[in-house]
> 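One structure coming up, written as C-alpha cells, with questions to follow.
A quick note: this is a predicted structure, and the numbers were derived from the prediction, not measured. For ligands, and for the atoms within them, numbers begin at 1 and follow the listed sequence. The first residue of the sequence shown is numbered 1, and numbering continues consecutively from there.
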Amino acid sequence: AGVTEQDLLNDASTHGDILTNGMGRDLQRFSSMDTLNKDNVSNLVPAWAFSFGGEKQRGQETQPLVHDGVMYVTGSYSRLYAIDLKSGKELWQYDARLPEGILPCCDVINRGGAIYGDNIYFGTLDARIVALDLKTGDVKWNKKIANYKEGYSYTAAPLIVDGLVITGNSGGEFGIVGEVQARNAETGDLVWTRPVIEGHMGTLNGEESTMTGTLNASWPGDMWKTGGGATWLGGSYDADTNTLVFGTGNPAPWNSHLRDAGTPTDGNTGDNLYAASRLGIDPATGEIKWHFQTTPREGWDFDGVNEVVAYNDRDGNKRFATADRNGFFYVLNREDGKFVSATPFVSDISWAEGIDENGRPIFVEDNRPGNPLEADKGEMVFAVPSFLGGKNWMPMAFSQRTGNFYVPSNEWGMDIWNEPISYKKGAAYLGAGFTIKPIFESHIGSLKAIDPDSGTVKWEYQNDAPLWGGVMTTAGGLVFFGTPEGEFIALDDETGEKLWSFQTGSGIVGQPVTYELDGEQFVTVVSGWGGAVPLWGGEVAKKVNYLNQGGTVWTFKLPKQ
Ligand code: PQQ
C-alpha cells in the first residue's frame, strides 16, 4: 500500500494527514477545516511541545508532515524526527553525518520533507537526497545531487509527482549552475535533469536530452558556465496543467556589469536567461514548457525563486501568483505562464518604476549599482527592497474563503556597490558589497492581505523584526504566522485583527500546519530563530541580535468541552 499519487493529489482536502510541503502541491497552505475558527481561537492552548535537543539550535524553517499517527519534522543540521502524534513522544531520529566544509550560504536550515510510498524523503546540507523508511527511519537510499565542495547545498523540501522525487539545488553565491533533477522514488535512480541556465544540456534516462535555451543568446562569452540561478526553494506542481513550476535564483556574479546586464541594449542580450525566472517544466521529461523572467538584467540579488501558487481567481480563471523578492506581486496564466499583472507589495521600490504590459520591469537606470571596472569599487546606490527581498523564502498562503493572498513581506533597503571578481571553484562569487538598513522606524515586517485580482493591499499587520516564517489560512477565517520575537499569532482573515497569540520562547521562522486527530483540530508550528537575517542583515541584524535561538515543535488544540 503506502502513500499514492492519488493521496498526494488529495492532500489539501484530507484533514488527517499532511503529505506535502505547502499542504497540497499547489502550495496554497489553506485548510478547509473550520472546527477552530474566529469565535473559539482565543481558547487555543498547547497540547505538547518537543525539543530537537543538542547544541544545534539554529534556524528552524521546517514544515511538519503528518501521516498515520506520526508527525515528521526536519531540524537544523539535516536532522529528521518522527514523533507520536498523540503524545508528542519521539519514535525515531535520523541525523545525517555532514562532512566538514559544507557551504550553505544562509544558515544550516531545512524546510521539510515529502512522503510517498512507504518512505519519507528529505535533502541534506551536503547536497544529497535521502529516502528513509516511514516506520523505522532506516535509510532506503541516499544519493548525491551535486558536489558540496563546489558550493552546492540543499535546503528545500522535495516535491513528488508521478513517482518521481524532484529536487532543486542551492549554491547561487558560488557560481554554481541551478538545476532541477527527477529521481525514481523507489530506487533513487536519476530519470532526468534540467539545468536552468541557457547553454547547458539536460538529460533523460542517462542520455543528453535538449539544451536549455539558446547558447550565448543572453550571456557574454563563457559567463553562462558559472551562471548561478540556483533552484534553491524547490517547486510547486499544478495538476490541472500537469506542470512543475520552479523558480531560479540570481545570476552569478551579483555584479551585473560583468554579465552585460549593466547597459540597456536591443533584444535580450544581458538578460541572463533563465536566472531570476520562473520555469514551467514537463514532469515526465524535464523539458521547459514556458519561462517568465521576473528580473531580467538582474543586479540587486533579486532571486526569482519565490513560490508560485496555483489558484482560481474570482472569475474562475486559472492563475498562478508569486510575490517576488524584487517587490512586485505577479499574476500569471496557468496554461502558458504568460504575464497577467504585476503590482508593488512593498513601499518605495527604487530599482524599477513599475512593470510594463509584457511583464518586463521599467528600470530606474540610476539605481543600478555602478560599474567597478574603472575603479576598485563601483558607485554605491541605496536600493529598495534590500537583497533579502520584499519577500524572501517564507511562503505566503491563499485563502479559498476570501480569495486573498496573505504575504509575509519586509520593508527595508540597502547600500549596494559592485567590485571586480573572478570565478574560483568553491569560493564566494559575488563581486558586490552591501549593508541592509530599515526604511521605517516603526517596523520592518508586514503581513499583507492582497487581493490578487486588483493587486490592492486590503490590510497589513506590522511587526518590528523582519517576518521570516510561513503563513497558513483556514476555512475558520484564520491567518496563522509567527514572528522572530517568538509570538505565534492568529489574525482575522478579513480585518487583520489579532485574535490570539502565544509566546514560543524563540523566534519563529517555521511553517505552520493544521490537521485533525480523533475529531479535534490541531495546529503545529516549529520555533527556533535563525536563517539569513542574523547572518546577512547588516544594520537590521544588529537590531535583532537580542533574539534567542531554539528548536521546539509546538502543538496546540482547543480544550476538551
Ligand atoms: N536562504 C535563506 C534563509 O533560509 O533564511 C535566505 C536566503 C537563502 C537567501 O536570501 C538567498 O539568497 C539564498 N540563496 C541561495 C542560493 O542562491 O543558492 C540559497 C539559499 C538557501 O538555500 O537557503 C538562500
Side-chain angles (χ1 to χ4, degrees), residues 58-63 74-78 102-112 123-127 145-146 148 150-158 167-180 196-197 226-235 246-254 275-277 295 298 300-307 324-326 385-395 408 410 412 414 416 428-430 432 434 436 465-470 484 507-511 526 528-538 540-541 544 549:
R58 294 295 294 261
Q60 311 296 355
E61 294 187 354
T62 192
Q63 184 212 288
T74 63
S76 54
Y77 290 98
S78 308
I102 52 169
L103 292 164
C105 69
C106 310
D107 204 0
V108 286
I109 54 102
N110 181 279
R111 302 193 183 88
T124 57
L125 289 163
D126 52 348
I145 295 172
Y148 72 86
E150 291 174 21
Y152 287 95
S153 56
Y154 189 84
T155 59
T167 51
N169 61 18
S170 294
E173 270 48 271
F174 298 93
I176 58 83
V177 175
E179 186 165 271
V180 183
V196 301
I197 299 296
T226 51
T231 49
W232 60 268
L233 199 46
F246 271 71
T248 66
N250 59 289
W254 286 24
S277 302
T295 316
E298 200 285 311
W300 304 262
D301 192 33
F302 294 150
D303 296 48
V305 297
N306 287 358
E307 77 285 5
D324 199 84
R325 192 144 150 160
N326 72 15
S386 83
F387 71 90
L388 289 180
K391 174 182 167 300
N392 202 286
W393 75 273
M394 54 283 188
N410 290 312
W412 49 12
M414 63 178 164
I416 180 169
Y429 187 46
L430 302 184
F434 38 78
I436 293 186
L467 293 180
W468 217 252
I508 294 174
V509 295
Q511 311 169 51
V526 180
W529 170 237
V533 174
L535 300 170
W536 295 94
V540 171
V544 298
Q549 294 178 320

> Which heavy atom of T295 sits nearest to which heavy atom of F302, and what is that distance?
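So the two residues come closest at OG1-CB, 3.9 Å.
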
> Please list, in number order, the atoms of ligand 1 under 4.0 Å from a heavy atom of G531.
5 (O)

> I need the contact type for S170 against ligand 1. Using non-hydrogen atoms and a strict under-4.0 Å cut-off, is it side chain, backbone, both or neither?
both

> For D324, enumerate each residue passing the salt bridge (charged side-chain N to carboxylate O under 4.0 Å, His left out) test, keeping only those at least two apart in sequence or located in another chain.
R278

> Which part of R111 is near ligand 1, with near meaning a heavy atom under 4.0 Å away: side chain, backbone, both or neither?
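Within the 4.0 Å criterion, R111 contacts ligand 1 through side-chain atoms alone.
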
> Could you report the tightest heavy-atom contact between A230 and G171, atom names first, then the distance?
CB-N, 4.0 Å

> Do any nitrogen or oxygen atoms of A532 lie less than 3.5 angstrom from nitrogen or oxygen atoms of ligand 1?
yes

> Report the part of C105 (side chain from C-beta onward, or backbone N, CA, C, O) that has a heavy atom under 4.0 Å from ligand 1; answer both or neither where that applies.
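The answer is the side chain.
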
> Taking only residues two or more places apart in sequence, or in another chain, which ones meet E179 in a salt bridge (charged side-chain N to carboxylate O under 4.0 Å, His left out)?
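Scan of E179 (salt bridge (charged side-chain N to carboxylate O under 4.0 Å, His left out), adjacent residues dropped) gives none.
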
> Please state whether W468 comes within less than 4.0 angstrom of ligand 1, counting heavy atoms only.
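Contact check W468 vs ligand 1: positive.
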
> Per the side-chain hydrogen bond (donor to acceptor under 3.5 Å, both in side chains) rule, which among E307, E61, Q511 passes with W393?
E61

> Which residue in the set T62, T155, T74 passes side-chain hydrogen bond (donor to acceptor under 3.5 Å, both in side chains) when paired with R111?
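Only one option passes, and that is T155.
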
> Counting from 1, what ligand 1 atoms have a heavy atom of A230 closer than 4.0 Å?
16 (C), 17 (O), 18 (O)

> Pick one of side chain, backbone, both or neither for how D303 approaches ligand 1, counting any non-hydrogen atom pair under 4.0 Å.
side chain

> Please classify the W393 to ligand 1 contact at 4.0 Å (heavy-atom distances, strictly less than): side chain, backbone, both or neither.
side chain

> Write out the residue and atom name of the closest protein heavy atom to atom 12 (O) of ligand 1, then the distance separating them to 0.1 Å.
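Result: R325 NH2, 3.0 Å.
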
> May I ask you to test the P466-V540 pair for a side-chain heavy-atom distance under 4.5 Å?
yes

> Starting from atom 4 (O) of ligand 1, find the nearest protein heavy-atom neighbour and note its residue, name and distance.
E61 OE2, 2.7 Å

> Provide the closest heavy-atom pair for W232 versus S170 in the form atom of the first, atom of the second, distance.
CB-OG, 3.2 Å

> So which heavy atom on E298 is nearest to which on N250, and how close?
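Minimum heavy-atom contact is OE1-CB, 3.7 Å.
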
> Using a strict 4.0 Å cut-off to heavy atoms of T155, name the atoms of ligand 1 that fall inside it.
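This gives 21 (C), 22 (O), 23 (O) as the contact atoms.
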
> Around atom 2 (C) of ligand 1, find the nearest protein heavy atom and jot down its residue, atom name and distance.
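Heavy-atom neighbour on the protein nearest atom 2 (C) of ligand 1: C106 CB, 3.6 Å.
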
> Consider ligand 1: state whether an atom of it lies below 4.0 angstrom from any non-hydrogen atom of G171.
yes

> Run down the list I109, N169, N392 and name the one with the heavy atom closest to atom 6 (C) of ligand 1.
N392

> Do the ring planes of W536 and F387 sit parallel (below 30°), tilted (30 to 60°) or perpendicular (above 60°)?
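Ring orientation of W536 relative to F387: perpendicular.
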
> Please work out whether any backbone atom (N, CA, C, O) or any side-chain heavy atom from C-beta onward of L388 is under 4.0 Å from ligand 1, and answer side chain, backbone, both or neither.
side chain

